[in-house]
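These values consider heavy atoms only, across backbone and side chains, with no hydrogens, waters or symmetry-generated copies. One-based numbering, in listed order, for ligands and for the atoms of each. Residue numbers start at 1 and run along the sequence shown.
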Amino acid sequence: MRALQLVSDRETKAVDLPEPDAPAAGEVQLRVRVVALNHLDVWGWRGMAFTQREMPLTIGAEASAEVVALGEGVSGLKPGDLVSIFGARTCGKCADCRAGRDNLCDHVEGVHGFHLGGFARELVNIPARQCVLVPPGCDDVGAALAPITIGTCEHMLFDNAKLLPGETILIQAGGSGIGTAAIQLAKAIGCTVITTVGSDDKIEPALALGADHVINYRKDRFEGKTRKLTKKKGVDVVFEHVGKETWAGSMLVMKRGGRLVTCGSTSGVSAETNLMMLFQRQLRLIGSFGCRMENMVTSMDKIAAGHVKPVIDTEIEFGDLATALERMESRKVFGKIIMRMS
Ligand SMILES: [Zn+2]
């Protein structure tokens, strides 16, 4: 069976792997349909992972798949079902896993495609509890974006930042995969959305997704523009994932008592924080990683209801990974890069 592996830094290879054995008790065997790429894949490809991992490593953290066989004791799924796969291998036993908060698992083995083998392969065996059945009205592309892209945004916006209808939010890098999802999710509940983009050609598509104001941060200082747009008051919530380049500005644009939620640091992991601003303005900084299982369900329900639609930048051919990762690294993308496996 075909698989795509990272063999060394910045080098990927299409390989033939033996098919997996029959699924063990509690597992399902899946035929992978669609793999979506994330910035996590860029980190992994660059060789900047902070954790040990073994090469070659099958890539792909986020995917949808069709059930082909059930292991002993699996109920609630049957061959032919379309599922969305949780992105990390968790224990299923700790208090957080039992409560569906797998992203807080104490004994997490790692993220697929990053620490552990990923989903860019034809067949894979996975614990059934890490698969979420796809509802009618959501296709295999939408299901591939539920575990990381849209699920992460759901968790950030609604579980963590507790974004409310009518609030104003600044979404950094609105043309990124999560940016395109966050714009739509915030608009769907009636928020005012200000977003930043890195080139003029991304302004129109961001407006088309529903953004009320789009700022090209390479031309204008987003801090000044945002303060002007909010009549110097500042925004209720900042959606961060850029990190070093935007951190100071993101801190500045919050209103008193504002919340900043972050899930990434694509421009660099270290940034200075003005502590006086943090306590005097009573700001809240919230870290967010991945999502709860329920966020995947909600993501796909929102796709089915038309509240959020997958924004696809490019569908690449199997094996054309380097081109895709370079495109992501150079920030040319608007939306997601996906790869169809079957
Ligand atoms: Zn656990």
Side-chain angles (χ1 to χ4, degrees), residues 20-30 32 35-36 38-41 43-44 49-54 57-65 67 69-77 81 83-121 124-134 143-162 178 241 261-265 285-301:
D21 295 335
E27 283 186 343
V28 286
Q29 187 163 95
L30 303 174
V32 177
V35 173
N38 286 283
H39 212 86
L40 189 75
D41 297 301
W43 288 118
F50 306 113
T51 331
Q52 279 196 335
R53 58 202 182 137
E54 276 177 29
L57 179 81
T58 302
I59 67 114
E62 184 172 48
S64 61
V67 175
L70 306 180
E72 210 184 301
V74 174
S75 57
L77 289 173
D81 280 346
V83 294
S84 180
I85 318 168
F86 192 74
R89 182 69 70 108
T90 58
C91 80
K93 292 177 184 136
C94 70
D96 284 309
C97 279
R98 287 200 314 270
R101 295 186 297 261
D102 284 58
N103 57 329
L104 285 173
C105 175
D106 271 341
H107 312 287
V108 63
E109 283 176 57
V111 176
H112 288 285
F114 191 69
H115 309 103
L116 314 168
F119 304 127
R121 48 187 285 160
V124 66
N125 291 352
I126 289 287
R129 57 171 294 277
Q130 303 222 240
C131 299
V132 178
L133 188 64
V134 179
L145 303 190
I148 298 184
T149 310
I150 303 175
T152 296
C153 292
E154 277 284 306
H155 189 50
M156 289 173 78
L157 295 174
F158 305 117
D159 295 340
N160 285 323
K162 303 199 188 305
I178 55 170
H241 53 115
V261 63
T262 181
C263 74
S265 53
L285 308 182
I286 311 158
S288 194
F289 189 70
C291 70
R292 298 179 297 119
M293 300 298 282
E294 189 61 27
N295 295 130
M296 290 169 63
V297 176
T298 316
S299 295
M300 292 192 285
D301 285 346

For the backbone of [Y] and the side chain of [X], can you confirm whether one donor and one acceptor N or O come within less than 3.5 Å of each other?
X	Y	value
Gln29	Ile126	no
Glu27	Ala24	yes
His107	Cys91	no

- Can we say Asp159 and Arg292 salt-bridge, meaning some charged N sits less than 4.0 Å from an Asp/Glu carboxylate O? yes
- Message: Which residues pass the ring-ring contact (aromatic ring centres under 6.0 Å, His included) test with His155, not counting sequence neighbours?
- Response: none
- With 2.8 Å as the limit, jot down which protein N, O or S atoms are around the Zn ion (ligand 1). Cys91 SG, Cys94 SG, Cys97 SG, Cys105 SG
- Taking all non-hydrogen atoms of both residues into account, name the closest pair between Met300 and Ala146 and its distance. CG-CB, 3.6 Å
